[in-house]
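In the text below, chain A, chain B and the rest are named by the order of the sequence lines, each starting its count at 1. Quick caveat: nothing in here was measured; it's all calculated off a predicted structure.
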Protein chains: 2
Amino acid sequence: MPTVKVTRDDWLRGAQRALAESGVSGVSVEPIAKQLGVTRGSFYWYFKDREALLVGALELWESEETIGFIEELAPIAEPLARLQTLFREALTGDLIAGLEPAIVAHASDPVVRVVLERVTTRRLDYLTDLFAQLGLDPAAARRQAVATYAAYLGWIELRRAAPDIAPETKGSGPLVEPALDHLLRLLTP
Amino acid sequence: MPTVKVTRDDWLRGAQRALAESGVSGVSVEPIAKQLGVTRGSFYWYFKDREALLVGALELWESEETIGFIEELAPIAEPLARLQTLFREALTGDLIAGLEPAIVAHASDPVVRVVLERVTTRRLDYLTDLFAQLGLDPAAARRQAVATYAAYLGWIELRRAAPDIAPETKGSGPLVEPALDHLLRLLTP
DNA sequence: GCATTTCCGTACGGTACTGTATGGGCTATC
DNA sequence: GATAGCCCATACAGTACCGTACGGAAATGC
């Protein structure tokens, strides 16, 4: 029996799962330990306390989110194509189904707030810049970015909260393509 | 000292506040009792257990949401005007700042799910009907409704999660009017 | 003005989680 | 094959919440 070791990353992934399913207060050590098949002795070896786990999980999400978000699009030259693939990737990806809605919902938590504001700022700036490259003046580009980002947020919320009610948002269903086309036509100037 | 009594409705409002701030697991009896200035003895007079409080708070939200949502718009004859005032009301209203995002975020909770699916179904149906009245064929109306509702959801999420990052979503700020106009132009066919 | 209903305080046992202290098994290394 | 460092189990307070049982004050009906 190899008795595979539990790593620090395992704890962070477990915390993200718990965060996606049960929110901030669901990130508790004992249940995650049980799910990982160890006791809390392992946890307190890697982390100082429960808050350190939450911060680690959020910052892991932040880094992966921004790295996979922006750097993957760099090779695409055309701004319009960049916007379209950006949206397709963002709206059909897996994103640990529900992590982001859970984070947004707990914006009142001081730990969550600081990470979420960094991510939101970065994304809105990126979108604003993109729409400016498409010819919109700065104010219009900014408003377009806000509207577009709102549509993105709501889309993944809808997909998580009621996939059966709005099957158009399901990542793999047959309805998703025309619905995505429709949304993209609304959002591209 | 009149020592005002605590009503069942007070408990439901307190539960909604707690739900908006801390999610489902934040709806706990003892803290709400402290905030109301009574002990848990009052609670167990009105409610069977904690879950009954959660269900009551959700159903109160559902009824107020649908009543104030649809019936207020009935007197407006023009579909386009109905859509526009609907959106302005929904996006600038107070909505117990954050109740809805919190509910959406906890869609995995079985108690939340049933209420949320009812509300989502009703709203999407209403929007689909509205766009059909504006001349769109059934499939296009449905897609337009999904896109529009996603924009609504994301807008209020954004407004709650990062009002300082996206001041365009603040209900009273000077930036909200042009941003809303922009969004409405994108979403009206 | 008495009895009844309404509403709330108090006290109890139980559960689930937190953080700490401590010790011991495993693995690598030489 | 002894040693050092890594990883985890166990045991022990301490906290916060739940649900129940019971009792009493305060309003209300007649």
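Look at Asp181(A) and Arg88(A) and you find a salt bridge, because one of the NZ, NE, NH1 or NH2 atoms lies within 4.0 Å of a carboxylate O, short of that distance. Using a 4.0 Å cut-off between charged nitrogen and carboxylate oxygen, Arg122(A) and Glu62(A) count as a salt-bridge pair. The existence of a salt bridge linking Asp109(B) and Arg113(B) is excluded, since no basic side-chain nitrogen approaches an acidic carboxylate oxygen closer than 4.0 Å. Here Arg159(A) does not pair with Glu168(A) in a salt bridge; the nearest charged N to carboxylate O distance is not below 4.0 Å. Ion pairing of Glu64(B) with Arg13(B) is present here, as a side-chain N (NZ or NE/NH1/NH2) and a carboxylate O approach within less than 4.0 Å. By the 4.0 Å N-to-carboxylate-O rule, Glu89(B) lies too far from Arg82(B) to be salt-bridged with it.
With sequence neighbours left out, Ala107(B) forms a side-chain contact (heavy atoms from CB on, under 4.5 Å) with Ala161(A), Leu116(B). Considering only residues two or more places apart in sequence or on other chains, Arg8(A) meets the side-chain hydrogen bond (donor to acceptor under 3.5 Å, both in side chains) condition with none of them.
Whole-Å rounding puts the Asp10(B) CG to dT6(C) C1' distance at 16 Å. The distance from atom OH of Tyr46(B) to atom P of dT20(D) is 19 Å, rounded to the nearest whole Å. The NZ-C1' distance, from Lys5(A) to dA28(C), rounds to 10 Å in whole Å. Distance NZ (Lys34(B)) to C1' (dT15(D)): 12 Å, rounded to an integer number of Å. If you take CH2 of Trp45(A) and C1' of dG19(C), they are 17 Å apart, rounded to a whole angstrom.
Follow the hydrophobic side-chain contacts under 4.5 Å out from Leu83(A) and you reach Tyr126(A) in the same cluster.
Taking each heavy atom of Val6(A) and Val38(A) in turn, the nearest pair found is CG2-CG1, 3.6 Å.
DNA chain D is contacted by no residue of residues 23-32 of chain A, taking any non-hydrogen atom closer than 4.0 Å. Residues from residues 47-56 of chain A lying near DNA chain D, meaning a heavy-atom separation below 4.0 Å, are absent. Residues from residues 36-43 of chain B placing a heavy atom under 4.0 Å of any atom in DNA chain C, listed by number, are Val38(B), Thr39(B), Arg40(B), Gly41(B), Ser42(B).
Applying the salt bridge (Lys or Arg N to Asp or Glu O under 4.0 Å) definition to pairs two or more places apart or across chains, those involving residues 23-49 of chain B are Glu30(B)-Arg40(B).
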